[in-house]
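Note that these values count all heavy atoms, side chains included, but never hydrogens, waters or copies made by symmetry. The structure displayed is predicted, hence computed values, not measured ones.
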Amino acid sequence: MSVLLETSAGDITIDLFVDEAPRCCENFLKLCKIKYYNYSPLYNVQPNFSFQTGDPIGPESKDSDGGSSIWSMPDGGTKRATRRDRMTFQPEISRSRKHTERGTVSMATTQSKTNPDERFAGSQFLITLGENIEQLDGKAAIFGEVVEGFDALEKINAAFVDQTGRPLQDIRILHTAILDDPFDDPPGLVEPPQSPVPSAEQRATVRIAHDEVLEGNADPEQLEKIRREREARAQALTLELIGDLPFAEVTPPEQILFVCKLNPVTRDEDLELIFSRFGKILSCEVIRDKKTGDSLQYAFIEFGNKEDCERAYFKMQGVLIDDHRIHVDFSQSVSKLSSEWRNTTNSKTARSRGGFGGIEGLEKRRQYRAANGGRQRERGDNYDYVFDKKAKQRDGLRDDRESEGRKHRSRSRSPRGRDTSGRDRDGGSQKKERHYDDRKRRRSADRHRDSDRHQRSRR
């Protein structure tokens, strides 16, 4: 017994284990027959584990009842059960069959609230995306296996999902077809003549439609081009914000050529002479290293008008200059244009506002700038702090006294031996020492004369 599921990811063919799980197979077949699964979303997608479906509206919708079995007589169009007391049934859980193979189909079950050993199922089922899924053994009721459509399972396994396991772009069951049905229809079952249209509740759960063409499915080259354009716009906007470009949409000049693959010996004059036959050249510059001055082997040539530049571009491509075959292209650089714009802007600002950088009085607010243009300060110079007039007068008198003191010291023979009164401190000390020595010598001579007189008197 087989059922074909037509999904937005591809067709999946399922063989049913009618002998081992008759109630599960009957429930699944009859729900497919009344088109109950049409437009049901896939959810709870766990890569290399399993995915779940069977809730026709989706578990995230407030209008969902979780799905119902065929014995509750649900309507194929509205997906609502008419006998709510029979929305679930007790499935067959086989102990011999395990979730060992990829593509194993089983009914999702829930534990009974009154008896923990009993489990019930409704309409939801799951399909494994990996092998040896032992966590599902004894909890999910196996009733079939996938025999065709493993490429669709691979697409589902690789789908981008959110934190709840729902694919960002909807994957849905679009149609079901029964290939063989051995069971009789339950009393009251009505098969719709054609597939019903999605209900309003189902359409409300659409996030990104399964048939919507996303930008990610476009050509990789086109995506790379779009990425580069976005990056270039962002960089241009950044340059505009910091003042390197006049505006983000600035385009390079049309009369400047970029010439590369030059010989290191080629000079500016050589290039200007060669390219001047096409028209007037405003500037010709071979770019050189700032430190060594060596040629970097490329140059920029600015013509007087666009027509001369285009004529040089077509004629000089691949021309041999100094044994090097050059490459010519239109310049994509806007550095010269932005530099001219900044210079013009700054000069206009300075002329209109005055002062440094167009800010009037900027020099006055520089506290440590010398009045003579930043020369090294000498002793007695004042920093440009803001003081009152009396403080400045006191500082001026102090400076005058210090300058007079410096003048007195300059006339002294011994710079380190004079005080503020002009007297020689070291010379005075020397005089005092000589006077003390003279007194000492006189006293010694007097004692010697007294001693001689005493000896003569005794004789």
Side-chain angles (χ1 to χ4, degrees), residues 1 3 5 7 12 14-34 36-37 40-61 64-74 79-146 153 156-157 164-166 171 173 176 183 186:
M1 308 302 122
V3 173
L5 299 181
T7 72
I12 301 175
I14 300 175
D15 278 356
L16 304 179
F17 305 141
V18 177
D19 297 332
E20 300 178 12
R23 287 180 62 83
C24 291
C25 293
E26 181 183 3
N27 178 66
F28 182 72
L29 282 171
K30 299 308 177 181
L31 289 175
C32 291
K33 189 173 185 178
I34 65 174
Y36 184 79
Y37 290 127
S40 296
L42 272 63
Y43 47 88
N44 198 19
V45 178
Q46 304 177 57
N48 302 318
F49 190 81
S50 68
F51 73 88
Q52 193 169 337
T53 185
D55 186 341
I57 300 178
E60 296 180 356
S61 175
S64 173
D65 58 3
S68 56
S69 69
I70 189 62
W71 294 281
S72 66
M73 295 300 163
K79 317 298 182 183
R80 298 296 181 184
T82 58
R83 299 180 60 179
R84 301 188 65 83
D85 57 331
R86 303 190 64 181
M87 291 182 62
T88 59
F89 70 99
Q90 191 169 359
E92 304 90 350
I93 298 180
S94 175
R95 297 186 178 272
S96 60
R97 287 194 176 273
K98 306 293 182 181
H99 295 82
T100 57
E101 301 294 333
R102 184 185 187 190
T104 302
V105 185
S106 55
M107 278 286 174
T109 64
T110 182
Q111 195 175 37
S112 173
K113 296 180 180 180
T114 58
N115 186 1
D117 296 332
E118 292 182 354
R119 305 189 74 87
F120 294 94
S123 63
Q124 300 187 43
F125 63 95
L126 53 89
I127 300 177
T128 59
L129 297 173
E131 299 178 352
N132 300 320
I133 311 298
E134 299 177 356
Q135 295 88 335
L136 298 177
D137 295 339
K139 299 179 180 178
I142 299 175
F143 68 93
E145 62 180 357
V146 175
L153 296 184
I156 296 172
N157 189 55
T164 64
R166 179 181 175 181
I171 302 177
I173 298 175
T176 57
F183 300 101

Report the residue from Ile156, Asn157, Thr164 that forms a side-chain contact (heavy atoms from CB on, under 4.5 Å) with Val45.
Ile156
Taking all non-hydrogen atoms of both residues, which atom of Thr53 and which atom of Pro41 are closest, and how far apart?
OG1-O, 3.0 Å
Can you list, pair by pair, the side-chain donor-acceptor contacts under 3.5 Å of residues 19-29, counting residues two or more places apart and other chains?
unit_1	atom_1	unit_2	atom_2	d
Glu20	OE1	Arg97	NE	2.3
Glu20	OE2	Arg97	NE	3.2
Glu20	OE2	Arg97	NH2	3.1
Asn27	OD1	Ile70	N	2.9
Asn27	ND2	Gly122	O	2.9

Any sub-3.5 Å donor-acceptor pair from Thr104's side-chain atoms to Lys98's backbone N or O?
no
pair Ile142-Ser94: side-chain heavy atoms closer than 4.5 Å:
no
All heavy atoms of Gly54 vs all of Tyr36, minimum pair found to be O-CE2, 4.0 Å
Yes or no on side chain to side chain contact (heavy atoms under 4.5 Å, CB included) for Lys30 and Phe183, after CA distance, side-chain angles and deciding distance?
CA-CA 9 Å; Lys30 299 308 177 181; Phe183 300 101; 3.9 Å; yes
Donor-acceptor pairs under 3.5 angstrom involving side-chain atoms of residues 129-140: please list them, not counting sequence neighbours.
unit_1	atom_1	unit_2	atom_2	d
Asp137	OD1	His99	N	2.9
Asp137	OD1	His99	ND1	2.8

For this output row, return yes or no: ring centroids of Tyr37 and Phe125 closer than 6.0 angstrom.
yes
Using modelled atom types only, decide if a donor and an acceptor are shared between the side chain of Thr82 and the backbone of Met73 within a distance under 3.5 Å.
yes
Can you check whether Pro56 reaches Ser40 side chain to side chain, under 4.5 Å on heavy atoms?
yes
Would you compute the distance between atom CG of Leu31 and atom OG of Ser68 and round it to the nearest 0.5 angstrom?
7.0 Å
Side chains of Thr88 and Ser69, heavy atoms from C-beta outward: is any pair under 4.5 Å?
no
Arg119 side chain reached by Ser112 side chain, heavy atoms, under 4.5 Å
no
Pairwise distance CD1(Ile12) to CG(Leu153) - rounded to 0.5 angstrom:
5.0 Å
Ignoring hydrogens and geometry, is there a side-chain-to-backbone donor-acceptor pair from Thr7 to Ile173 under 3.5 Å?
no
When every non-hydrogen atom of Ser64 is compared with those of Asp55, the smallest separation belongs to OG-OD2, 2.6 Å
Quick check: closest heavy atoms across Val3 and Cys32, and the distance to 0.1 Å?
CG1-SG, 3.9 Å
Is it true that the side chains of Gln52 and Gln124 contain a donor and an acceptor less than 3.5 Å apart?
yes
Could you tell me whether the side chain of Phe51 reaches within less than 4.5 Å of the side chain of Gln46, counting heavy atoms only?
no
Between Asp65 and Met87, is any pair of side-chain heavy atoms under 4.5 Å apart?
yes
Can you find a pair of side-chain heavy atoms, one from Phe17 and one from Glu145, that are under 4.5 Å apart?
yes
Side-chain contact test, heavy atoms from C-beta onward, threshold under 4.5 Å: evaluate it for Thr128 versus Phe49 and give yes or no.
no
Using every non-hydrogen atom in the two residues, find where Thr109 and Ala121 come nearest and quote the distance to one decimal.
CG2-CB, 4.1 Å
